[in-house]
There are 2 protein chains.
Amino acid sequence: MTRPADPSPRPRTSLSRDRVLRAALALADRDGIESLSMRKLAEELGTKVMSLYYYVANKDDVLGGILELVIGEIELPPENPDWKAALRRSAISAHEALLRHRWALGVMMSPSRVGPARLRYMDSLLRCLREAGFSAYAAHRAYHALEGHITGFTLWQASLPIRKADVPNLVANFLERISVDKYPYIVEHMQVHLALLGQEGEGDFEFGLDLILDGLERIRVLEQPSG
Amino acid sequence: MTRPADPSPRPRTSLSRDRVLRAALALADRDGIESLSMRKLAEELGTKVMSLYYYVANKDDVLGGILELVIGEIELPPENPDWKAALRRSAISAHEALLRHRWALGVMMSPSRVGPARLRYMDSLLRCLREAGFSAYAAHRAYHALEGHITGFTLWQASLPIRKADVPNLVANFLERISVDKYPYIVEHMQVHLALLGQEGEGDFEFGLDLILDGLERIRVLEQPSG
DNA sequence: TTGACAATCGTACAGTGTACGAGTACTGTG
DNA sequence: CACAGTACTCGTACACTGTACGATTGTCAA
């Protein structure tokens, strides 16, 4: 970046923090976060391990960095008078981003990994609620309820097999393993899963989301009966 | 060390799968899951590493085992005509168990770690819903909404500092680090957190839980207008 | 030319999970 | 009693991890 010209002895596209993080993101998406190692990352970038440490403090820094990239993909709630629609849209966007990068939830759990992208996201959600008329206290609770549903539901979904085509076989194996008469309701639950498999979006996430949003609307109205 | 005081056909052995898992659970609670290693576990038990592998297939088996122990701590919904109260109680119990063992959520995220304790827990929740009059389909959605809130909310709570006494300082540090005018709503949010710190149980978990339960009740009534 | 700085990387070390097989202790059977 | 078989323990080794430290090179300003 300090060299604008590109004379002949210019080495291959040099390293940068951004390139390192982007490669790490791609590697985590491809091979899973648990197999993301500094050595593999270096190899992917065509360099050696210790070169990475010039741009990155340590592996934790890498993890925090790629988490920021993921959160940056989330669509922030627009400046919309319809707070419910705005929050709904942003929540679904977050859900999709977390599903695209299933490892992100695990990374998020390590404490105090709060970068600017995450701050911006949090702040925009809170702003949306406050401008919708929620008190600071109610916005606090609403925020946690929403965030809880997004991460919690996605976590369950993310810990299931990825490819839809694999699901029937896995469910069948599962049903064979467990004793059907011991867990009848699980069997039924699995059958519903199988039946829903045909649909495009099964809408389970939106179901819980709307449960919360509708509940919040009722709270909000109670708080501000005059409008 | 091995005293044949036990006259039963099996001689008393110092190690056992249960002892291994229980030690692992204690170690994870004490030092955090990321510092739980097979070597430390062996040392804690007064043996050598490879001896563990007689009782345990691999480390993944250990993780699955201690997760089962945690889930076993959850109070199952009682056979109660009041399904809402029953589910509420069980959900709170799950929340508490997961807070007692904050690493458990991370362990749960690895796919297909489903043992008998988890099956029993799932089945009892589903049974409670079905007996409350929910259709198989509605129970399916309700189950995921509930489970999502439990894990999601707890995940957020668990990724925060543990000791309540530490919170004010951490929040203060945090507020210093971020630019106050850039994220005004986060600042406000933190202030609510600080203000709520005095209360015994702040009830945020129950707030979202009741949002869902009330919403479910409305769904259920719609499904069964006659009963 | 000299000195400063940015960037790359070789080596080394402590730590991890676990495969393999040797060793030991105790069992039931002759 | 002896002996074979099983249940259990563990030493060694290997591949792999993150990263501390310092040497090395390339580029620039003075």
Side-chain angles (χ1 to χ4, degrees), chain A residues 1-25 27-28 30-67 103 106-107 110 113, chain B residues 1-25 27-28 30-67 103 106-107 110 113:
Chain A
M1 56 187 70
T2 53
R3 292 280 68 238
D6 23 2
S8 40
R10 198 104 298 266
R12 67 186 101 67
T13 56
S14 75
L15 245 41
S16 73
R17 179 169 225 270
D18 191 69
R19 247 169 65 76
V20 170
L21 292 183
R22 245 158 244 291
L25 177 72
L27 227 103
R30 176 151 57 81
D31 302 339
I33 191 79
E34 70 285 343
S35 87
L36 164 62
S37 78
M38 298 300 277
R39 280 177 237 264
K40 284 181 194 162
L41 182 52
E43 199 176 5
E44 195 77 11
L45 285 162
T47 57
K48 303 305 158 62
V49 202
M50 292 316 292
S51 304
L52 304 177
Y53 283 87
Y54 186 77
Y55 300 97
V56 141
N58 45 38
K59 189 179 182 182
D60 222 59
D61 191 20
V62 174
L63 295 179
I66 61 178
L67 178 62
W103 44 266
V107 174
S110 300
R113 240 199 271 280
Chain B
M1 156 210 327
T2 49
R3 289 275 72 232
D6 197 335
S8 62
R10 285 291 193 72
R12 186 188 183 296
T13 52
S14 63
L15 242 43
S16 73
R17 183 179 166 91
D18 190 69
R19 244 170 68 77
V20 169
L21 292 184
R22 246 158 244 291
L25 177 70
L27 226 99
R30 177 151 56 82
D31 301 340
I33 193 79
E34 70 286 344
S35 86
L36 165 62
S37 79
M38 298 299 277
R39 282 177 235 263
K40 283 182 195 161
L41 183 51
E43 197 175 5
E44 194 77 13
L45 286 161
T47 56
K48 303 303 158 64
V49 200
M50 293 315 292
S51 303
L52 304 177
Y53 284 86
Y54 186 79
Y55 301 96
V56 142
N58 44 41
K59 190 180 181 181
D60 220 60
D61 191 20
V62 174
L63 295 179
I66 60 179
L67 178 62
W103 44 266
V107 174
S110 300
R113 241 199 270 281

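Just so we're on the same page: letters track the sequence lines, and every chain starts at 1.
A distance of 11.5 Å separates CG of Leu25(B) from CG of Leu63(B), quoted to the nearest 0.5 Å. Atoms OG and CG, from Ser16(A) and Leu21(A) in turn, are 8.5 Å apart once rounded to the nearest 0.5 Å. How far OG1 of Thr47(A) is from OH of Tyr54(A): 14.5 Å, rounded to the nearest 0.5 Å.
Computed from coordinates, the Arg19(A) CZ to dT8(C) P distance equals 10 Å when rounded to whole Å. One can place CG of Asp61(A) at 14 Å from C1' of dG18(D), the figure rounded to the nearest angstrom.
Contact detail for Leu36(B) and Leu41(B): the closest heavy-atom pair is CD1-CB, 4.4 Å.
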5' to 3', nucleotides 10-23 of chain C under a 4.0 Å protein heavy-atom cut-off (B base, S sugar-phosphate only, - none) gives BB----BBBBB---
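Within the helix from dT1(C)-dA30(D) to dG30(C)-dC1(D), the inter-axis angle between the opening and closing five-pair segments is 20°, rounded to 10°.
One finds a side-chain N or O of Ser51(A) lying less than 4.0 angstrom from the OP1 or OP2 phosphate oxygen of dC9(C). Contact annotation: Tyr55(B) reaches the phosphate of dT9(D) (side-chain N/O to OP1 or OP2, under 4.0 Å).
Sorted by first and then second residue, the salt bridge (charged side-chain N to carboxylate O under 4.0 Å, His left out) pairs involving residues 52-64 of chain A (not counting sequence neighbours) are Arg17(A)-Asp61(A), Asp60(A)-Arg113(A). Residue pairs satisfying the salt bridge (charged side-chain N to carboxylate O under 4.0 Å, His left out) criterion with at least one member in residues 44-57 of chain B, sequence neighbours excluded, are listed as follows: Arg30(B)-Glu44(B).
The side-chain hydrogen bond (donor to acceptor under 3.5 Å, both in side chains) test applied to Asp31(A) returns no partner, not counting sequence neighbours. Residues passing the salt bridge (Lys or Arg N to Asp or Glu O under 4.0 Å) test with Arg39(B): none are found, sequence neighbours excluded.
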